[in-house]
Amino acid sequence: MGVSANKLEILAIANTLAAEKQIDKLIVLDAMAEAIQKAARSRYGQEHDIRVTIDPKTGETTIVRVQTVVEEVEDPAHHLTLDEGRAMDSEAEIGTEFREVLPPFEFGRVAAQTAKQVITGKVRDAERERQFEEFKDKEGQIINGIVKRVEHGNIIVDLGRGEGIIRRNDGLPRENLNAGDRVRAILYKVSREQKGPQLFLSRAHPSFMVALFSQEVPEVYEGVIEIKACSRDPGSRAKIGVLSNDASVDPVGACVGMRGARVQAVVSELQGEKIDIIPWSEDEATFIVNALQPAEVSKVVVDEDEERVEVVVEESQFPLAIGRRGQNVRLASQLTGWQIDLTTEAQDSERRQKEFQERTALFMRALDADEMLAQLLASEGFETIEEIAYVDIEDFASIDGFDEAVATELQTRAREYLDLLAAALDKKRKDLGVTDDVAFMDGVTPQMSVRFGDEGIKTIDDLAGLVPDDLVGWKEPDAKGKSRWQPGILPKGEMTRDGAELFILRARVLAGWVEAEVLEEELAKRAAELEAAEAEFEGELDNLEAAEAAFVDLEGTSDDSEPAPETDE
């Protein structure tokens, strides 16, 4: 191969390669120019700054050696002094480049092999980049392909312009695909690797089911129905949560289709995987109840901080709620994003009975009361000694058999018990080294000061250095990436996050870290926000009352209107 070879041949080679690899012709020409440049440096010397250009229209190849005028010459092969430059051109300045056209030459065997490697490498890199950009845009879409081969449980799929892989965990269990089989899968990840883009396909990913419904259900494709969540046990069972943006469209019915045609098309593609279509709800408790279908739920207790929910079902519904090998409750948990704790009504009753007995024992011990009286207090809803000590006397009067004297005696005993408890806690607090300014700070209870001491928080500066998460807890992802609640210093419910922020701000004012005006501004801001919220609520209430009044007037008008005159038949 010679540089002086037929120009049309160069263009023909570039056009052929570009069409075959589906890349830009200029990329091929740049690769050829780089190959010729490498060969020219071998021919004329590696120390020279040799540059090669190929005209994309004519195929004309130009080889030049470039020298630049500089103030101080570091490399004579690349640089010229200003005097040397002006000897060649009187108008030369610092930075002027002189280009010397070099004669064409014939490639030797080694140079030709090197050029071939350069061109092949450049073309391969361009092809990989083209593949990456092409398939990157298809990420999240269903792709059709033909199984090329199966390697150790991994399926290599021919996608026409590239190859994808369905790894063992991304395939459907018990599905046997052989070379030559047509297959549909979702392209869920495109990774740029040194050997070329890696295209990861899946038939087990939840988004594959969502994409299938989008193809089979026009309302999903058009956005009338949204699939808000999806959880799958691939090849066995799945649940999807659907929401309609049009009140006239039933999301569950639309996804099922006439006689189940639409959902059956998805089931067939997924090798018989059973699908529960669940109406999605913004109310978490309602959505969780729906997600546990076909089981019927008796009671739901939601813990928003820990994103945990306790669900109570009848004994007969418990196997349905759990499902085979826990499948139903596991899929419901994945669908809703909540940790679901299932319990039967008998277990719930047993737990409540245990709590009742514990409260009864506490009241007997603290109030020096007999069992019957303690049980009566527990059954009336009293949970703590503090409630008994400071509740209004009138609340006691509503209990059968109680009068003001009995109520006063109970409150006296309760307060004496709390005083003894506070004294014991105060002693423990002092033993732990918690200072008085912490113990007597607004909002700090004796139990709280002891807990602070147990955690090594002993001074106002220690309190001031905390953040709200330290006090009330925080959410943190576990090893599986699922959010888990991490408890704070204080028991759950003892202080709100807003209360913790204000509490720490007060500590910082006492410690001298911030000015008192900052606390006053924060209190004023919160008071204004509360006032605005109350005004908004009152406005909504007024609107509701006005609407009700209008409705009543409308009914009254209808009732009082003159009856139509009777006519003789």
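Positions are given from 1, in the same order as the sequence printed here.
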To the nearest 0.5 Å, what is the distance between OG1 (Thr408) and CD (Glu404)?
5.0 Å

Tell me whether Arg415 is salt-bridged to Asp419, with the criterion being a basic N under 4.0 Å from an acidic carboxylate O.
no

Does any non-hydrogen side-chain atom of Gln411 lie less than 4.5 Å from one of Tyr390?
no

Is a side-chain N or O of Ser244 found less than 3.5 angstrom from the main chain of Val249, in a donor-acceptor match?
yes

For a side chain to side chain donor-acceptor pair (under 3.5 Å) check, start with the C-alpha distance between Thr360 and Glu371, then their side-chain angles and the critical distance, and finish with the verdict.
CA-CA 7 Å; Thr360 299; Glu371 185 175 5; over 6 Å; no

Taking the side chain as every heavy atom from C-beta outward, state whether Trp280 and Ile227 have any pair of such atoms under 4.5 Å apart.
no

I'd like to know whether Glu175 forms a salt bridge (Lys or Arg N to Asp or Glu O under 4.0 Å) with Arg203, so could you lay out the CA-CA distance, the side-chain angles of the two residues, the decisive distance to 0.1 Å, and finally the verdict.
CA-CA 10 Å; Glu175 181 181 48; Arg203 287 173 58 78; 2.9 Å; yes

Can you find a heavy atom in the side chain of Thr343 that is under 4.5 Å from one in the side chain of Phe318?
no

Could you give the distance from CE (Met209) to CD (Glu269), rounded to the nearest 0.5 Å?
11.0 Å

Taking the side chain as every heavy atom from C-beta outward, state whether Ile322 and Asn328 have any atom pair closer than 4.5 Å.
no

Close side-chain approach of Lys228 to Val242, heavy-atom, < 4.5 Å
no

Determine whether Arg352 and Gln357 satisfy the following criterion, side chain to side chain donor-acceptor pair (under 3.5 Å), listing intermediate values before the conclusion.
CA-CA 9 Å; Arg352 285 188 283 110; Gln357 291 172 354; over 6 Å; no

Should Asp303 and Arg308 count as an ion pair when the cut-off is N to O under 4.0 Å?
no

Parallel, tilted or perpendicular: which fits the ring planes of His205 and Tyr188, with parallel below 30° and perpendicular above 60°?
parallel

Check ion pair Arg506-Asp442 (N to O, under 4.0 angstrom)
no

NZ/NE/NH1/NH2 to OD/OE distance under 4.0 Å, Asp348 and Arg351:
yes

Would you say Leu201 and Asp170 make side-chain contact, with heavy atoms under 4.5 Å?
no

Consider only side-chain N and O atoms of Thr435 and Asp437, and report whether a donor and an acceptor are under 3.5 Å apart.
yes

Test: Arg237 and Glu273 ion pair at under 4.0 Å
no

Can we say Asp436 and Arg429 salt-bridge, meaning some charged N sits less than 4.0 Å from an Asp/Glu carboxylate O?
yes

Quick one: pull up CD1 in Ile155 and CD1 in Ile166 and give me the separation to the nearest 0.5 Å.
5.0 Å

Inspect the contact between Arg526 and Glu522 and indicate whether a charged nitrogen and a carboxylate oxygen are less than 4.0 angstrom apart.
yes

Check this for me: does any side-chain nitrogen of one of Arg508 and Glu515 sit under 4.0 Å from a carboxylate oxygen of the other?
no

Glu310 bridged to Lys299 by N-O distance under 4.0 Å:
no

Check the pair Ser298, Glu345 against side chain to side chain donor-acceptor pair (under 3.5 Å), reporting the backbone distance first and the verdict last.
CA-CA 8 Å; Ser298 302; Glu345 289 183 344; 2.8 Å; yes

So, taking the atom named CG in Leu510 and the one named CG in Leu463, what distance separates them when rounded to the nearest 0.5 Å?
9.5 Å

Is there side-chain contact between Gln339 and Val309, with at least one heavy-atom pair below 4.5 Å?
no

Any donor-acceptor N/O pair, Glu521 side chain to Val518 backbone, under 3.5 Å:
no

If you count heavy atoms of other groups shown closer than 6.0 angstrom to NZ of Lys492, is the number above 12?
yes

Drop me the distance from Ile388's CD1 to Leu367's CG, to the nearest 0.5 angstrom.
5.0 Å

Between Arg232 (side chain) and Ala204 (backbone), is there a donor-acceptor pair under 3.5 Å?
yes

N-O pairing of Arg413 and Glu409 below 4.0 Å
yes

Taking the side chain as everything from C-beta on, heavy atoms only, tell me whether Leu519 gets closer than 4.5 Å to Leu502.
yes

Charged N-O contact under 4.0 Å between Arg359 and Glu383:
no

Rounding to 0.5 Å, atoms CG (Leu377) and CD1 (Ile385) come to a distance of 8.5 Å

Yes or no on side chain to side chain donor-acceptor pair (under 3.5 Å) for Asp276 and Gln293, after CA distance, side-chain angles and deciding distance?
CA-CA 8 Å; Asp276 296 335; Gln293 293 178 5; over 6 Å; no

